[in-house]
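Bear in mind the structure is a predicted one, so any value in this text is a computation, not a measurement. By convention in this document, chain letters (A, B, ...) are assigned in the order of the sequence lines, proteins followed by strands, and residues within each chain are numbered from 1.
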Protein chains: 2
Amino acid sequence: MDTRQMAWFVALGETLHFGRAAERVHMSQPAFSRRIAELERDLGARLVERDSRNVSLTPAGARFLFDAREVLARFEAACRDARLVALGEKGELRLGFMMHAAHRLVPRLAGLYAERRPAVRLILEETTPAEIEVRMRRGELDAAVTFLGRPDPALEALPLLRDRLRLAAPEGHPLAGRERIRPADLAGEALIAAPASTAAPLREAIEGWCAGLSTPPRFAYEPRLQQTILRLVAAGLGVALVPGSICDDRIPGVASVALEAAPQLDVVLLVARAGANPAVAPLVELAADFRGG
Amino acid sequence: MDTRQMAWFVALGETLHFGRAAERVHMSQPAFSRRIAELERDLGARLVERDSRNVSLTPAGARFLFDAREVLARFEAACRDARLVALGEKGELRLGFMMHAAHRLVPRLAGLYAERRPAVRLILEETTPAEIEVRMRRGELDAAVTFLGRPDPALEALPLLRDRLRLAAPEGHPLAGRERIRPADLAGEALIAAPASTAAPLREAIEGWCAGLSTPPRFAYEPRLQQTILRLVAAGLGVALVPGSICDDRIPGVASVALEAAPQLDVVLLVARAGANPAVAPLVELAADFRGG
DNA sequence: CGATATCAATGCACGGAGCGCATCGAATGG
DNA sequence: CCATTCGATGCGCTCCGTGCATTGATATCG
């Protein structure tokens with residue numbers, strides 16, 4: 001028993017005429033009669049009353065006609081939606097992103113994406129670069145905005161922007177008034193930075209810049225979120241090296257200072273190379289435009 | 001494209017294994033592989049990613065799996081419901097009835113019917129005996145409670161109860177105090193009765209009883225509803241000959257008097273002889289019980 | 001690193017489901 | 001009373017869908 005039988009019966013229910021219904025479904029009348037009889041046999045219920053002059057629906061037939069229309073509509077919709085999802089026109093797109101990107105990058109991306117694919121539900125998951133790596137590999141994310149990390153053959157990294165590290169210091173701190181600082185200026189300072197297990201590329205950039213120091217910097221606090229780091233700086237608990245874009249909006253109580261030979265961090269859009277979710281395609285295009293603009 | 005393909009795909013989606021899915025739907029693995037490939041071809045979308053070691057759903061496949069489950073469930077429900085309607089276990093039953101029956105008969109019937117067929121929606125349509133005849137013949141009603149009228153080969157009449165005509169007169173009226181009256185007592189009285197076009201059997205019974213009078217009775221008012229008739233009587237506008245059961249509940253201002261050789265009216269359950277709606281069967285049984293009790 | 005096992009895809013031949021054509025039987029209308 | 005209409009049935013044929021055998025690719029283990 002299948003939906004074709006339903007479609008045949010709907011044709012019959014609408015015409016109440018075997019010949020015309022058969023014609024509508026591109027079948028000969030005898031074949032059509034047999035299919036309807038077969039449907040009734042399978043169902044174990046008489047659906048039409050035929051007295052060789054006119055055809056009428058039984059109560060069961062009327063009910064089945066009504067239900068069949070709905071089932072067929074949903075069937076068609078399911079097939080259409082599968083196609084749309086395959087084309088990336090509909091469905092879901094899980095976009096992971098690190099907190100740094102939440103300020104400007106992700107909102108802009110999300111807005112532009114929604115214009116191109118209004119029917120795709122964009123699921124935003126804020127997390128950390130380390131988590132992103134794991135979840136991308138497991139296929140739990142379709143794409144992610146993160147720092148460029150170790151190259152992965154299965155993942156493609158599309159550059160979005162390049163960020164320079166800056167110093168974030170409490171207002172009134174001796175370094176806060178400087179035009180530009182060198183690694184040596186950090187001697188004895190309490191540093192605040194996320195641990196490598198949260199954002200390896202960022203941590204490596206920080207430690208790399210400090211590598212020249214005779215006494216290695218002291219990491220006083222290691223919270224995971226950039227938000228927290230800046231709050232701790234504002235509270236005067238230490239200084240931090242942070243991506244410059246973070247300092248775009250002034251945080252009360254925090255001053256930002258340029259670094260000499262500031263390390264650069266690439267913020268990239270990470271997508272699976274073997275395109276799992278077709279809905280990522282417009283996001284990739286967006287990344288290219290983004291780079292240009 | 002039909003629901004069998006959906007069922008096959010659901011098996012695959014749940015096992016993620018061609019061999020086991022094929023087994024579940026009683027098919028060999030090669031045939032199953034082909035059916036899935038065909039489904040993907042018809043849909044124009046890849047539903048599963050197979051890398052010859054394990055099978056995984058694409059986004060389109062996941063969506064289709066979800067939708068397919070729903071479509072299949074509704075499909076099954078539609079088939080099941082058609083069967084139930086054919087068995088009279090579910091669906092609708094349109095029961096017409098004349099106003100006279102609204103007082104006690106129909107509420108009791110409806111209550112007992114609902115106990116036997118809780119899934120059948122009983123649609124009650126109050127109307128007149130004349131209207132009932134027409135609508136039964138057109139198949140717009142499945143059954144009706146009405147006076148026994150002219151026998152119709154297509155309709156079966158099952159006796160429910162037998163009602164004697166009584167006189168309804170305004171309190172204080174000369175006839176109101178009588179024990180029993182004869183047709184001659186009505187001479188000169190203003191009669192109130194529904195027209196023959198509304199309830200032929202009732203009207204005929206009334207006119208038949210009055211047939212012996214030298215001067216035929218004067219029909220002062222001819223409203224269609226029994227309710228109206230009794231109100232007019234209460235207002236002192238005339239007297240009426242009404243089915244006795246109507247007088248069961250006392251109407252303020254109306255007295256009822258027995259008739260000599262009172263005509264009897266059969267109240268019957270009318271059903272189509274060629275049982276159109278299977279849901280009437282328990283109603284027919286009910287009518288038999290009713291006659292007994 | 002090679003042998004083995006597992007699993008989906010493909011080649012091939014067969015059987016039957018489903019089709020169209022011709023026809024029948026019943027009912028209707030001129 | 002014959003012509004027409006319409007659904008059901010008989011019959012032969014075609015091709016779709018099946019199972020069996022096999023291939024090709026890939027992971028697992030000695």
Parallel under 30°, tilted from 30 to 60°, perpendicular over 60°: which one fits the rings of A:F147 and A:H100?
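Taking A:H100 first and then A:F147, their aromatic rings sit tilted (interplane angle of 30° to 60°).
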Relative to each other, are the rings of A:F64 and A:F9 parallel, tilted or perpendicular (30° and 60° limits)?
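If you compare the ring of A:F64 with that of A:F9, the planes turn out tilted.
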For [X] and [N], what is the distance between atoms [atom1] and [atom2] respectively, to the nearest whole Å?
X     : N      : atom1 : atom2 : answer
A:I36 : D:dG7  : CD1   : C1'   : 12 Å
B:R4  : D:dG17 : CZ    : C1'   : 9 Å
A:R41 : C:dA17 : CZ    : P     : 10 Å
B:R50 : C:dT10 : CZ    : P     : 9 Å
A:E38 : C:dG18 : CD    : C1'   : 9 Å
A:E40 : D:dG7  : CD    : P     : 13 Å
B:L16 : C:dC7  : CG    : P     : 13 Å
B:Q29 : C:dC7  : CD    : P     : 10 Å

Kindly point out which of [options] is positioned nearest to the side chain of [X]?
X     : options               : answer
A:R20 : D:dC6, D:dT9, D:dC20  : D:dC6
B:F18 : C:dA22, C:dA8, D:dT18 : C:dA8
A:R35 : C:dT10, C:dC19, D:dA8 : C:dC19
A:V55 : D:dG19, D:dG7, D:dA8  : D:dG7

Test side-chain hydrogen bond (donor to acceptor under 3.5 Å, both in side chains) applied to A:Q5 and A:E38, step by step
CA-CA 9 Å; A:Q5 291 176 304; A:E38 183 189 65; 3.3 Å; yes
Does A:E204 reach the main-chain N or O of A:G149 with its side chain, forming a donor-acceptor pair under 3.5 Å?
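Pair absent, no side-chain N/O of A:E204 close to backbone of A:G149.
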At under 4.0 Å between heavy atoms, what does A:R34 touch on the DNA or RNA strands: base, sugar-phosphate, or nothing?
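A:R34: base contact, heavy atoms under 4.0 Å.
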Think A:S28 has a side-chain N or O under 4.0 angstrom from the OP1 or OP2 of C:dC19?
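No, A:S28 has no side-chain N/O under 4.0 Å of OP1/OP2 on C:dC19.
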N/O (side chain, A:S33) to phosphate O (OP1/OP2, D:dG7) under 4.0 Å:
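Answer no for this pair, as no side-chain N or O of A:S33 is under 4.0 Å from OP1 or OP2.
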B:D81/A:R63 salt bridge by N-O under 4.0 Å criterion:
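Counted as a salt bridge, because a side-chain N and a carboxylate O are separated by less than 4.0 Å.
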